[in-house]
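To start, the structure itself, in structure tokens.
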Amino acid sequence: MSKNFDVVVIGGGPGGYIAAIRAAQLGQSVACIDAWQNAKGGSALGGTCTNVGCIPSKALLQSSEHFEMAGHGFAEHGIGVEGLKLDLGQMHRRKDKVVQQNNDGITYLFKKNKVTSFLGRGSFVGKVDGGYEIKVAREGAADGAASESVIGKHVIVATGSVPRSLADTPFDEKLVLSNTGALAIDGVPKKLGVIGAGVIGLEMGSVWRRLGAEVTVLEALPVFLAAVDDQIAKEAKKAFDKQGLVIKLGVKITKIAPGANDVAVEYADADGRQQTDTYDRLIVSIGRLPNTAGLEPAAIGLQCDERGFVLVDGECRTNLENVWGIGDVVRGPMLAHKAEEEGVAVAERIAGQRPHIDFNTVPWVIYTHPEIAWVGEAEQTLKLTGRAYKAGSFPFMANGRARALGDTTGMVKVIADATTDEILGVHMVGPGVSELIAEAVVAMEFKASAEDIARICHAHPSLSEATKEAALAVDRRTLNF
Ligand code: FAD
Ligand code: NAI
């Protein structure tokens, strides 16, 4: 017997679980099918983000930053630390606890909102009376033993993404690591190689460098962080160079040869010279692929593109009536908060509402030290499109709070339309910018001008004053620089 629901969500990551909660709030009967299992075979809701993504990476970034501060940062404050030692096992246990708190939190939220949770992989069976039938099979269970079937009048596909491996070099999670292995290395490697200087490469490279590894990041593109405003990317690169994070740009990987205990990587460097480096561990972070494994989209005629992304329009509608796609498995940035916004919007559309998402105001944050954060257009893209703009920046070096913190690297940069002064983009590198960027997002959502931010009272001393000063700089009238 199939169970019928108004809405069935496939995938319990930030896109799926938030969609399920919002749909339930709006009075629908909702089921969420998720395949992620914890070590005991139980449900581990939260998807990539909670289990092997945003949450554990931020836990390790925090712990490793404390370690680096204790080793190298406290002395300046007059605090001596003797006998500093690393207990990596405890660091991992803490990270695992943080993950579990988040898993448990979502289970609690499902109960509170009366979302029915199914543990297992969901596969489309076909279109039936009353909606779409989906088989749920518990992985690891004897064939059919734990399989059941649900019917959803509406189905939201939120199956997320998986890491992309290099051709011919699958992840073994011992020597060649995806994000999963990178978050679980059980001893600090002496030499760590990272392929791809993107978001994961920089965050994971930072964690292991702080804990004592010699980290080399090999990046194919000739420019560092191509998607980031040039000025901000340059400033960040300077800071990473100073920290000893070796980043080699413009490399072409030619061979990866895992041995018994290490991995040899052959590549042509930016000058075309052939090089071979050997690493104790290798993280491969070269982007992610949409995850439709086991989903059987063809069973209902659900269209995917040639790369496997579920095809959707701007409102997350697929080619099929009442079937929706959200999060990493559809176009757009692979970010948890983008997935969440889409989940909310789809649940509201199913309930007959007309929500709107402005993809131009989705912020990005890279949680390195210094942090990097941005929203809207970068200066180089405005130059390409020929839009007339004014830009102003303000360095944290001139901010009283940053000086007091002892963390003065970086700047805030505001870009505004040359004529109307409307804010087109805000770019930051420096302390606490993962939080500061929220003000810029609010300002852009309300179509604020640079002058609006410049005229708003900001607490003193605070890092947020750098944003106000950068807005003043657009009009060439900073007060503190
Ligand atoms: P996912 O989180 O991937 O969830 C999909 C879920 O669906 C999974 O549980 C999967 O098991 C399940 N599933 C798949 N197929 C089926 C099926 N057929 N049946 C049942 N269940 C299925 N983003 C940020 O915004 N901030 C960050 O700081 C950040 N840090 C990251 C760090 C790392 C190391 C990584 C890898 C990613 C990070 N991300 C971050 C990206 C973020 O994790 C993703 O954008 C986000 O998880 C996407 O959410 P989702 O719901 O679309 O998919
Ligand atoms: P990414 O797209 O951020 O970076 C991949 C990098 O690898 C790029 O710079 C690319 O040029 C490079 N590359 C690709 N092929 C290569 C090759 N053969 N050799 C050398 N370099 C190569 O992807 P990443 O870091 O894997 O992360 C995936 C996604 O996960 C991110 O794009 C982001 O959406 C999400 N994420 C978000 C985080 C955050 O919001 N703080 C943190 C971590 C991940």
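Each ligand, and each atom within it, is numbered from 1 in the order the structure gives.
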Could you tell me whether the side chains of His66 and Gln62 share a donor-acceptor contact shorter than 3.5 Å?
yes
Can you confirm whether the side chains of His427 and Gln231 place a donor and an acceptor under 3.5 Å from each other?
no
From [options] - option closest to [atom] by heavy atom:
atom: atom 18 (N) of ligand 1; options: Ala35, Ser178, Gly46, Gly122; value: Gly122
atom: atom 46 (C) of ligand 1; options: Gly327, Ala339, Pro14, Ser434; value: Pro14
atom: atom 1 (P) of ligand 1; options: Asp34, Ile55, Leu119, Thr48; value: Thr48
atom: atom 39 (N) of ligand 1; options: Gly12, Cys54, Gly120, Gly47; value: Cys54

Could you tell me the separation between the CE atom of Met204 and the OG atom of Ser64, rounded to the nearest 0.5 Å?
8.0 Å
Hey, which atoms in ligand 1 end up nearer than 4.0 Å to a heavy atom of [X]?
X: Ser57; answer: 32 (C)
X: Ser161; answer: 3 (O)
X: Leu335; answer: 23 (N), 25 (O), 45 (O)
X: Tyr367; answer: 28 (O)
X: Cys49; answer: 2 (O), 43 (O), 47 (O)

For [X] and ligand 1, does the shortest N/O to N/O distance drop below 3.5 Å?
X: Lys58; answer: yes
X: Gly53; answer: no
X: Leu183; answer: no
X: Asp328; answer: yes
X: Ile326; answer: no
X: His337; answer: yes
X: Asn179; answer: no
X: Met334; answer: yes
X: Ala336; answer: yes

Worked check of side-chain contact (heavy atoms from CB on, under 4.5 Å) between Gln37 and Leu119:
CA-CA 8 Å; Gln37 295 185 11; Leu119 171 59; 3.9 Å; yes
Pair listing, salt bridge (charged side-chain N to carboxylate O under 4.0 Å, His left out) test, anchored in residues 46-58, at least two apart:
Lys58-Glu203
Residues 234-252 vs salt bridge (charged side-chain N to carboxylate O under 4.0 Å, His left out), sequence neighbours excluded, gives Glu235-Lys238, Lys237-Asp241, Lys248-Asp277
Residues passing the ring pair (Phe, Tyr, Trp, His ring centres under 6.0 Å) test with Trp364, sequence neighbours excluded, are Trp374
Between ligand 2 and the protein, which N/O pairs fall short of 3.5 Å?
{"from": "ligand 2", "atom 1": "3 (O)", "to": "Val199", "atom 2": "N", "distance (Å)": "3.1"}
{"from": "ligand 2", "atom 1": "9 (O)", "to": "Glu219", "atom 2": "OE1", "distance (Å)": "2.7"}
{"from": "ligand 2", "atom 1": "9 (O)", "to": "Glu219", "atom 2": "OE2", "distance (Å)": "3.2"}
{"from": "ligand 2", "atom 1": "11 (O)", "to": "Glu219", "atom 2": "OE2", "distance (Å)": "2.6"}
{"from": "ligand 2", "atom 1": "21 (N)", "to": "Ala220", "atom 2": "N", "distance (Å)": "3.1"}
{"from": "ligand 2", "atom 1": "23 (O)", "to": "Gly287", "atom 2": "N", "distance (Å)": "3.4"}
{"from": "ligand 2", "atom 1": "25 (O)", "to": "Val199", "atom 2": "N", "distance (Å)": "3.3"}
{"from": "ligand 2", "atom 1": "25 (O)", "to": "Ile200", "atom 2": "N", "distance (Å)": "2.9"}
{"from": "ligand 2", "atom 1": "26 (O)", "to": "Gly287", "atom 2": "N", "distance (Å)": "2.9"}
{"from": "ligand 2", "atom 1": "34 (O)", "to": "Met334", "atom 2": "O", "distance (Å)": "2.6"}
{"from": "ligand 2", "atom 1": "40 (O)", "to": "Val365", "atom 2": "O", "distance (Å)": "3.4"}
{"from": "ligand 2", "atom 1": "41 (N)", "to": "Glu203", "atom 2": "OE2", "distance (Å)": "2.9"}
{"from": "ligand 2", "atom 1": "41 (N)", "to": "Val365", "atom 2": "O", "distance (Å)": "2.7"}

By the definition side chain to side chain contact (heavy atoms under 4.5 Å, CB included), identify the one residue from Ile10, Ile350, Val323, Val8 that meets it with Ile156.
Ile350
Walk me through whether Thr48 and Asn291 qualify under side-chain contact (heavy atoms from CB on, under 4.5 Å).
CA-CA 11 Å; Thr48 301; Asn291 179 17; over 6 Å; no
So that I can tick it off, tell me whether Asp305 and Arg307 are bridged by a salt bridge, with the cut-off set at under 4.0 angstrom between side-chain N and carboxylate O.
yes
Salt bridge present between Glu296 and Lys135 (N-O < 4.0 angstrom)
no
